[in-house]
Amino acid sequence: MFGKKPSLAEAQARMVEKQLAARYITDPRVLQVMAELPRHAFVAEELWGQAYKDTPLPIGYGQTISQPYMVAFMTQALQLSADGQATVLEIGTGSGYQAAILSRMAAKVYSIERIPELAEQARQNLDALGIDNVEIKVADGGYGWPEHAPYDGIVVTAAAPEVPAPLPAQLAEGAMLVIPTGPRRQQELLRLQRRGDRIIEERLAPVAFVPLIGEHGWEEDEY
Ligand code: SAM
């Protein structure tokens with residue numbers, strides 16, 4: 001009657017099975033990396049018991065680590081090459097969890113965070129796991145990181161009213177940009193793909209993300 005509390009490892013395995021595999025996360029690399037990398041290592045210790053629940057969690061400064069399903073869905077949507085040689089840009093480092101997942105599927109991850117304390121915490125979280133192919137900078141990610149472009153994938157983990165103009169310009173041929181856009185409280189997850197001079201846009205799902213703050217996003221006091 002009083003079931004034993006599942007260990008973190010058991011909770012993580014269950015998360016992959018019930019929240020990801022059962023909901024059409026089919027890319028075996030995504031499922032494997034999410035089964036291996038500990039999400040609890042990216043939240044405060046008092047939240048470890050909730051780390052494998054189907055929900056975003058607070059990481060301080062009014063920000064969140066995204067729901068595991070959303071991390072898996074956005075990663076899968078990038079369709080990174082199977083050879084592991086991709087260069088990826090993430091905007092909105094937060095806890096560093098999404099960057100860590102990407103780091104196992106790509107050769108190099110560049111990640112931009114606007115809040116210096118979160119960037120520092122993310123660096124520590126990644127270092128603790130021995131992840132050394134993620135470079136973080138503190139900046140307004142709405143401009144992208146043109147010095148390292150073109151990218152084989154760009155993922156934006158905060159919502160902008162519209163796609164920031166500098167980002168599609170930093171995509172390599174055939175590469176995808178995955179980004180939530182739309183009004184403050186409810187957005188649509190878009191996927192844009194560069195095909196020659198054209199950008200093909202697809203709507204993937206309704207979502208709700210924290211705002212992208214800055215020149216290409218929202219003003220800080222608008223939310
Ligand atoms: N990917 C993160 C993770 O795995 O923990 C979750 C990110 S959280 C949903 C969104 C992040 O975007 C916040 O940390 C926020 O500070 C950051 N952010 C908001 N506007 C930004 C901007 N213009 N440039 C860079 N980061 C921004």
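Every number for a ligand or one of its atoms is a count from 1 in the order of the listing.
- Protein heavy atom in closest approach to atom 6 (C) of ligand 1: Thr64 O, 3.3 Å.
- Regarding atom 4 (O) of ligand 1, its nearest protein heavy-atom neighbour is Gln98 N, 3.0 Å.
- Using a distance-only test at 3.5 Å, with no hydrogens or angles considered, a donor-acceptor pair links the side chain of Gln63 to the main chain of Tyr61.
- Applying the 4.0 Å criterion to heavy atoms of Ser95 picks out, from ligand 1, the atoms 3 (C), 4 (O), 5 (O).
- Each of the atoms 24 (N), 25 (C) of ligand 1 lies under 4.0 Å from some heavy atom of Ala139.
- The nearest heavy-atom contact from the protein to atom 10 (C) of ligand 1 is Thr157 O, 3.3 Å.
- Which of Gln63, Arg114, Gln67 comes nearest to atom 26 (N) of ligand 1 through a heavy atom is settled by distance: it is Arg114.
- The Val210 neighbourhood of ligand 1 comprises atoms 8 (S), 9 (C), 10 (C), with distances under 4.0 Å to a heavy atom of that residue.
- Ligand-side atoms of ligand 1 in range of Pro211: 19 (C), 20 (N), range being under 4.0 angstrom from any heavy atom.
- Heavy-atom contacts of Ile115 reach the following atoms of ligand 1: 16 (O) (cutoff under 4.0 Å).
- For atom 12 (O) of ligand 1, the closest heavy atom belonging to the protein is Gly92 CA, 3.2 Å.
- No side-chain donor-acceptor contact under 3.5 Å links Glu120 to the backbone of Pro116.
- Salt bridge status for Arg104 with Glu36: present, with a side-chain N to carboxylate O gap under 4.0 Å.
- Between Glu215 and ligand 1 there is no heavy-atom distance shorter than 4.0 Å.
- Take Ala165 and apply the side-chain contact (heavy atoms from CB on, under 4.5 Å) test, not counting sequence neighbours, and it matches no residue.
- At a heavy-atom distance under 4.0 Å, no atom of His216 approaches ligand 1.
- Residues Arg123 and Glu113 are not paired through a salt bridge, judged by the lack of any N-O separation under 4.0 Å between the basic side chain and the carboxylate.
- Between Tyr143 and His216, the angle of the ring planes goes over 60°, which puts this pair in the perpendicular group of the 30/60° scheme.
- Regarding atom 14 (O) of ligand 1, its nearest protein heavy-atom neighbour is Glu113 OE1, 2.7 Å.
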Practice problem: Applying side-chain contact (heavy atoms from CB on, under 4.5 Å), run through Leu89 and Gln170 and close with a yes or a no. | Solution: CA-CA 9 Å; Leu89 174 66; Gln170 293 175 32; 4.2 Å; yes

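- Of all atoms in ligand 1, listed by their number and element, those nearer than 4.0 Å to a heavy atom of Ala158 are 12 (O).
- For ligand 1 and Gly141, the ligand atoms under 4.0 Å from any heavy atom of the residue are 22 (C), 23 (N), 24 (N), 25 (C).
- Near Tyr97, the atoms of ligand 1 lying under 4.0 angstrom from a non-hydrogen atom of the residue are 4 (O).
- Considering Leu37, Asn125, Val109 as possible partners of Ile131, the one that fulfils the side chain to side chain contact (heavy atoms under 4.5 Å, CB included) test is Leu37.
- Of the listed residues (Asp140, Val71, Ile213), the one carrying the non-hydrogen atom nearest atom 20 (N) of ligand 1 is Ile213.
- Using a cutoff of 4.0 Å between basic side-chain nitrogens and carboxylate oxygens, Arg194 and Glu173 are not scored as salt-bridged.
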Quiz item: Can you check side-chain contact (heavy atoms from CB on, under 4.5 Å) on Val178 and Val156, steps first, answer last?
Solution: CA-CA 6 Å; Val178 175; Val156 185; over 6 Å; no

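- The backbone and the side chain of Ile65 each have at least one atom closer than 4.0 Å to an atom of ligand 1 (non-hydrogen atoms only).
- For the pair Arg23 and Tyr69, the cation-pi criterion (under 6.0 Å, within 45° of the ring axis) is fulfilled.
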